[in-house]
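Structure first, commentary second.
Worth saying up front: this structure is predicted, and the values here are computed from it rather than measured. Numbering of ligands and ligand atoms starts at 1, following listing order. All residue numbers refer to positions in the sequence shown, counting from 1.
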Amino acid sequence: MSENLKRTFLDEVSSLKSLADAANLRVKYLGKKGIITAKIKSLSSLSPEERRVAGREINELKQFIEEECERKESLLKSAELKGRLLAEAIDITLPGKAVSFGHEHPLSRTLREVVDIFTRMGFDVQEGPEVELDCYNFEALNIPKDHPARDMQDTFYISEDIVLRTHTSPVQVRVMEKKKPPLRFIAPGKVYRCDADVTHSPMFHQVEGLMVDKDITFSHLKGVLIAFIHQMFGPDIPVRFRPSYFPFTEPSAEIDMGCILCKSAGCRVCKGTGWLEILGAGMVNPKVLENVGYDSEEYTGFAFGMGIERITLLKYSIDDIRLLFENDIRFLRQF
Ligand code: FA5
C-alpha cells in the first residue's frame, strides 16, 4: 500500500511546475489534514505489533516525502531565480539617457545683448516700478490729460491716479529727480498696454535710454543709436532717422533699419519699403527737464525707447509675437 502511495507521490512531484504547486503538494501529504498525517493518526487503531511495523513504514515514507519535497522546492527555486535573472537582466552596454539642458529664453537673450551693448558704451542700468503714478507715466513727460495715449483703450488703470506703466519713459523722470547731470543710463523692464494682435502684446518689454549733460546734441543720439544697431544686427545694416512726434522729446524721430530679411529689396515683412521701424527717440523736451528742476539752458539730453519683442521678432524672423509667451517647448528648442 505504501509503495503505491510512494509511486503516486513521485508522479505528482515530478510533474510540479512552480513553487506554489510544491507548497500545495506538501499540504496534501504532510498538512494537518494530509494523507500521511491521517495515516499516522490511524496507527492508534492497530495492535502494538502491527503499529510497530506500520509505524516504521509510515515514518520512513514521511521522511522520504519531506526530503523529496525539499529537493524539488530547491530545484524549482533556483529555476525561478534563473528565469528572473534572465528576464530582468540589465544591458550595461546600452548608452545612458541624455540629460536635457534648458537655455535662455529668446527675449532674455535679446534683453541681455541690448544691456551688454549699452553698458559697453558707458550706460548704467536703472529700474522703476511697473505700477506707476499717472503723474510719472504721463504728466511729467508732457503728456496732457486729453492725450490719446491716456485713453482707457490703451492704458490699464488701477485707479484714477495709478496705472500699469505704458512705457519705460517714467524712469527718466524718477532718475532725474534724484540725480544731477551728467546722466547716462538705460532702463529695461515690463510695460503694459491694452493691445493684442500678432505684433502687439498686452505685456511687453522696453528698454529706455537717457543721456543728459552740457552740449549733448542730436549727433550724439545718432552716433549712439547707429553704433547700437550695427552691434545688434551687423555693421552693414543701413539706418535712417525719420521725423516723428513724442510729447517728451523735441525734435523726435523714429529710427528705421534696412530690412534684414530681404536685404532692403522689399518684402512682406517690411511691406515692400525695404525699411523696418526699430525704435523711437529724440532730444529731451526742455519742459521735461524743467519739470525735474534741471536748467534747460544749461543742460540738454537725448532719450530713446525700444521694444524688446520687436527686436527679437526681427532678429529671428518670427512672425507672431504670441509665440514668445506661449512657452511651447517645440518653439523654444529652436533657439
Ligand atoms: C514709446 O513707448 C516711447 N516711450 C518711446 C520713446 C522713448 C520715444 C524715449 C522717445 C524717447 P512707442 O509707443 O512707439 O513709444 O513704443 C515703443 C516700442 O514699443 C515700439 O516701437 C514697439 O516696438 C513696442 N511696442 C509698442 N506697443 C507694443 C505692444 N503692444 N506689444 C509689443 N511691443 C509694443
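At most 12 heavy atoms of other shown residues, nucleotides or ligands fall within 6.0 angstrom of atom NZ in Lys214. Counting non-hydrogen atoms of other residues, nucleotides and ligands closer than 6.0 Å to CD of Glu127 gives a total of 12 or fewer. When the shell of 6.0 Å around CG of Asp197 is examined, it contains more than 12 heavy atoms from other residues, nucleotides or ligands.
By the 4.0 Å N-to-carboxylate-O rule, Arg71 lies close enough to Glu68 to be salt-bridged with it.
Looking only at protein heavy atoms, the nearest one to atom 21 (O) of ligand 1 is Glu277 OE2, 3.6 Å. Scanning all protein heavy atoms for the shortest distance to atom 17 (C) of ligand 1 gives Gln206 NE2, 3.4 Å. From the protein, the heavy atom lying nearest to atom 9 (C) of ligand 1 is Glu208 OE2, 3.3 Å. Nearest non-hydrogen protein atom to atom 30 (N) of ligand 1 is Ser201 O, 3.1 Å. In terms of protein heavy-atom proximity, atom 14 (O) of ligand 1 is nearest to Phe246 CE2, 4.1 Å. Here the protein heavy atom with the shortest distance to atom 24 (C) of ligand 1 is Phe204 CE1, 3.7 Å. Shortest contact from atom 22 (C) of ligand 1 to any protein heavy atom: Arg310 CD, 4.3 Å.
Residue contact annotation: Thr249 has a non-hydrogen atom under 4.0 Å from ligand 1.
The structure places CE of Met176 at 5.0 Å from CG of Leu210, a figure rounded to the nearest 0.5 Å. Taken from CD in Gln63 to CD1 in Ile36, the straight-line distance is 12.0 Å, to the nearest 0.5 Å. In this structure, NZ in Lys271 is found 11.0 Å from SG in Cys259, a value given to the nearest 0.5 Å. Atom NE2 of His147 and atom CG of Asn142 lie 9.0 Å apart (nearest 0.5 Å).
Below 4.0 Å from some heavy atom of Gly280 lie the following atoms of ligand 1, by number and element: 6 (C), 8 (C), 10 (C). Of all atoms in ligand 1, listed by their number and element, those nearer than 4.0 Å to a heavy atom of Phe304 are 7 (C), 9 (C), 11 (C). Below 4.0 Å from some heavy atom of Ala303 lie the following atoms of ligand 1, by number and element: 9 (C), 11 (C).
Of the listed options His167, Met306, Arg193, Arg193 places a heavy atom closest to atom 12 (P) of ligand 1. With Ala253, Pro202, Gly305, Ser169 as candidates, the residue nearest to atom 4 (N) of ligand 1 on a non-hydrogen basis is Ser169.
Seen from the ring of Tyr136, Arg174 counts as a face-on cation partner, given the 6.0 Å and 45° thresholds.
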Going by atom type alone, with no hydrogens or angles, which donor-acceptor pairs under 3.5 Å involve a side-chain atom of residues 234-250 and a protein atom two or more places apart or on another chain?
{"residue": "Arg240", "atom": "NE", "partner": "Asp256", "partner atom": "OD2", "Å": "2.9"}
{"residue": "Arg240", "atom": "NH2", "partner": "Asp256", "partner atom": "OD2", "Å": "3.1"}
{"residue": "Arg242", "atom": "NE", "partner": "Asp256", "partner atom": "OD2", "Å": "2.8"}
{"residue": "Arg242", "atom": "NH2", "partner": "Asp256", "partner atom": "OD1", "Å": "2.9"}
{"residue": "Arg242", "atom": "NH2", "partner": "Asp256", "partner atom": "OD2", "Å": "3.4"}
{"residue": "Ser244", "atom": "OG", "partner": "Glu254", "partner atom": "OE1", "Å": "3.2"}
{"residue": "Thr249", "atom": "OG1", "partner": "Ser252", "partner atom": "OG", "Å": "2.6"}

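Only the side chain of Phe248 comes within 4.0 Å of ligand 1, judged by heavy-atom distances. Contact annotation for Glu309 and ligand 1: no heavy atom of the residue comes within less than 4.0 Å of the ligand. Contacts between Ala281 and ligand 1 below 4.0 angstrom, taking non-hydrogen atoms only, involve the backbone exclusively. Of all the heavy atoms of Ile321, the ones lying under 4.0 Å from any atom of ligand 1 belong exclusively to the side chain.
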(request) Apply the test ring pair (Phe, Tyr, Trp, His ring centres under 6.0 Å) to residues Phe304 and Phe118: give CA-CA distance (whole Å), side-chain angles for both, the deciding distance (0.1 Å), then the verdict. (result) CA-CA 12 Å; Phe304 57 85; Phe118 282 106; 5.0 Å; yes
